[in-house]
Amino acid sequence: MTHVTLKNIVKEYESGTQIISDLSLSVEPGELLVLVGPSGCGKSTVLRMIAGLEEITGGELLFDDQRVNDMPAKSRDIGMVFQNYALYPHLTVAENLAFPLTLRKVPKKNIHDKVHEVSTLVGLESLLDRKPKQLSGGQRQRVALGRAIIRTPRVFLFDEPLSNLDAQLRVHMRAEIVKLQKRLGITGIYVTHDQAEAMTMGDRIAVLNKGALMQIGKPKEIYESPANVFVAGFLGSPTMNFFKGSIAMEHTSMVFVEEHEGARFTLPASIITKQSPLPRNIIVGIRPEHCSPHASQDEDPVWETMIEQIEYHGHEMILHMMSGGTRKSMRISVSDDYKPDMHVSIRLDHKHICLFDADTGLRV
Ligand code: ADP
């Protein structure tokens, strides 16, 4: 199992554009690390530098203790799976799987055994004689997976491998890839822009924005304790509710007042005293599932608002509200009690409120 370390990695193009600025992270042996972030944030560039397909401008890339910055791609022992499967159309499934071994002149008998072993692992044993055009998208992606693992590489790299598949198959393949990666015990780095994919697949997630690492940690840690507004808003669907405003003292209470004549609610002293000193402009963040129309703890702030729209999802409902010029949402169990334009008192579970400095975006 290989330990992959990025130390102060920089990627700059000749034009002087810096795509990755000082990225440091470590991928533990055998772990699946997901690099997630919006389109254009530099995820694929990072992956391509690790693969040796893109030159590294600054910093060090280590596989265990070995510096591999200048090692050619073919010597790095990488198995890579892309969004477009890149299969050879004139070769059968068996021949496509065998390709990396044929290239290395592995004896025929060994290739035959290995193709059978891998085709069973990825569930292609009955399709070995087919050509890629006779396969579904999911089956083609399995061939690409099988081809990437047939040499048992040191490191697995996945670049949005499921983006071309339909929603149901994508969910199924996520689980299969994780199972396979764990079974083989090969260190993996998986790039996606899809936060749900990152949350469900990663042992840890590294969130990138504009070429910089925003936060790295286990999915639960990052979801529950986001380091900044970007991470808080990027993970979770519907997104976290953000109320931007300031705190005013009214008698002995601390009242939060949202900008643009938005929400007003009293914040419990317990969450304020934990954060000192409080910035002037703050953002109160709370996830839709931590808002509720029902009575809960006395300490919880209550936000009086109107329902704008209701989304029915079968197993739950999302109520949408507007305040302070931004959309907010609340996730609740299915109920016939709510209608658009209805007034609601929403309790915000104070234990799950996150406060951010509105100027820096950092959690306070
Ligand atoms: P992601 O995978 O997160 O969508 P990429 O790593 O593909 O992002 O790209 C990151 C940024 O690098 C993009 O803004 C892209 O336009 C820029 N980029 C890619 N190649 C070049 C290049 N040859 N010269 C300058 N900028 C580039």
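When a ligand or atom number is given, it counts from 1 through the structure's own listing order. Sequence positions, counted from 1, serve as the residue numbers for this chain.
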Looking at every heavy atom in both Thr305 and Met322, which two are closest together, and how far apart are they?
OG1-O, 4.1 Å
So, Arg327 versus Gln309: side-chain donor-acceptor pair below 3.5 Å or not?
yes
Sequence neighbours excluded, which residues qualify as side chain to side chain donor-acceptor pair (under 3.5 Å) partners of [X]?
X: Asn69; value: none
X: His313; value: Glu311
X: Glu304; value: His343, Ser345

Show the protein residues that qualify under the rule heavy atom under 4.0 Å from an atom of ligand 1, listing them in chain and number order.
Tyr13, Ile19, Pro38, Ser39, Gly40, Cys41, Gly42, Lys43, Ser44, Thr45
When Glu258 is tested against each of Lys328, Arg264, Lys244 for salt bridge (Lys or Arg N to Asp or Glu O under 4.0 Å), which residue passes?
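When Lys328, Arg264, Lys244 are each tested with Glu258, the salt bridge (Lys or Arg N to Asp or Glu O under 4.0 Å) holds only for Lys328.
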